[in-house]
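Presented below is the structure to which this report refers.
Hydrogens, waters and symmetry mates play no part in the numbers below; they use all other heavy atoms, side chains included. Proteins get letters first, then strands, A, B, ... in listed order; numbering begins at 1 in each.
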Number of protein chains: 2
Amino acid sequence: MRNKGGTLRLRIIAAADELFYQQGYENTSFSDIADVVGISRGNFYYHFKSKDEILDAVIDARITRFKEMLNEWDKKTTDPKQRLHYYIDMQSRNQEKIISHGCPVGSLCTELAKIRHFMLVDANKMFTVFRDWLTTQLELVGVKKNAKQLSMHLLARGQGIATVSNAFEDKAFLHQEVTQLKQWLDVEILKASH
Amino acid sequence: MRNKGGTLRLRIIAAADELFYQQGYENTSFSDIADVVGISRGNFYYHFKSKDEILDAVIDARITRFKEMLNEWDKKTTDPKQRLHYYIDMQSRNQEKIISHGCPVGSLCTELAKIRHFMLVDANKMFTVFRDWLTTQLELVGVKKNAKQLSMHLLARGQGIATVSNAFEDKAFLHQEVTQLKQWLDVEILKASH
DNA sequence: TAACATTTAGGACAAACATCCTAATTCAGG
DNA sequence: CCTGAATTAGGATGTTTGTCCTAAATGTTA
């Protein structure tokens, strides 16, 4: 096998990942990706049989990346409450990207739902990764009964913040909501753990 | 002027409005709209100089429709708290559409932001219509200081519910969140009005 | 009815698109 | 070095797109 043989596929996925986030899936052409990677357009069909196949690879890559990220977070602190705060703060840390392109998970799901793409069911697994991790942290922090429900709620709160911040390109609103959400969660944790 | 002359423009806008919501703006072609209206593709450019112009007309039409809708709500009851509940319940009333196509306001803004369309600043005026109305109702119900901030928060809560319900196609989650949001708002109103 | 303006249909157009095909290039193993 | 497989480049193809053009059809006015 050739030297770059194994990595070219990964480079295509990385470029597609970023372009799908920045420009949307439908709005990104093979030419766009090829230009970024620096290969010819036709060469694509040796590595991916269709555009759907690249989307599939991008979704898988994101899921893997998110799982790795959450593992890193787990190493940063053993305190589940701090972990939950770190999750919510993610929006502040990525403020520029959120303002410009929205949430990479939510905006892709929104687009796939709109064009009735069959891979929406795969895309929303990106949400599930975070939901399951949030559920675990909430249980660790003492939320017994409604941990799963509360984690879904937290996903929605994050999506709301991202969508509105993105629509208004309003950084101040983003930070305000992030702060408010952390305070609300602290109270909720207190209530739920008696 | 011909009989249908005045209404054809409106019929085109109505068809585009619905298709943009169901399939997205970029994913809707002139042919799609022409097929629904029942006119020839080329005939478009007599009524609209470009696709951007149709988008502009659709956004204006939606803003007008939303304002009319809010006026109807104002007539339904004079109780601002009931009006706020009626706003939140809108998601339940439109459950099928939300599950299938998301929020017509949020999903369009998300798409326009993604393709860096210059009319995003016009599209988010749809949000502003609701925000201003919410601010008025909140002030009427006794929220003095943070009425505008709270109305922005309500927009975001709605967007979060729509985005996640749409991504998971989860009707139960939608209703659960709607109920929870109304309860939370009642408490918030109590707190804010001393 | 005649002359004029408005409205419509239908095709022409170039650009962009996903996909396919083929020939050239590069590699590993003998 | 030779050979066959893996990899790549670049063009061909057919479709769809937004936009434009022109002539026909329809309405209005005199």
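- Counting to the nearest Å, the C1' atom of C:dA18 and the OH atom of A:Tyr25 are 10 Å from each other.
- The side-chain hydrogen bond (donor to acceptor under 3.5 Å, both in side chains) search around B:Glu111 returns none, not counting sequence neighbours.
- For B:Tyr45 and D:dG18, the OH to C1' distance is 4 Å, given to the nearest whole Å.
- Distance CZ (A:Phe48) to P (D:dT8): 12 Å, rounded to an integer number of Å.
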Heteroatom pairs (N/O) under 3.5 angstrom, protein to nucleotides 14-17 of chain D:
residue, atom, partner, partner atom, Å
D:dT17, OP1, B:Ser29, OG, 3.4

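- Dashed line: the shortest gap from a side-chain N or O of B:Tyr46 to OP1 or OP2 of C:dT8 is not under 4.0 Å.
- Partners of B:Tyr86 according to the ring-ring contact (aromatic ring centres under 6.0 Å, His included) rule, which considers only residues two or more places apart in sequence or in another chain, are B:Trp73.
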Could you pull out all donor-acceptor pairs under 3.5 Å where a side-chain atom in residues 118-134 of chain B meets a protein atom, sequence neighbours excluded?
residue, atom, partner, partner atom, Å
B:Asn124, ND2, A:Ala167, O, 2.9
B:Thr128, OG1, B:Asn124, O, 3.1
B:Trp133, NE1, B:Asp74, OD1, 3.0

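- Atom CD1 in B:Ile12 sits about 11 Å away from atom C1' in C:dT7, given to the nearest Å.
- At whole-Å resolution of the value, CG in B:Leu8 and C1' in C:dA9 are 12 Å apart.
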Under 3.5 Å, which donor-acceptor pairs link side chains of residues 52-59 of chain B to any protein atom two or more places apart or in another chain?
residue, atom, partner, partner atom, Å
B:Asp52, OD1, B:Tyr25, OH, 3.3
B:Asp52, OD1, B:His117, NE2, 2.9
B:Glu53, OE2, B:Lys49, N, 3.1

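- Going from atom CG of B:Asn43 over to atom C1' of C:dT6 covers 11 Å, rounded to whole Å.
- Taking CD from A:Gln91 and CD1 from A:Ile98, the interatomic distance works out to 4.5 Å, rounded to the nearest 0.5 Å.
- Among residue pairs with one or both ends in residues 155-170 of chain B, those qualifying as side-chain hydrogen bond (donor to acceptor under 3.5 Å, both in side chains) are B:His153-B:Arg157; sequence neighbours excluded.
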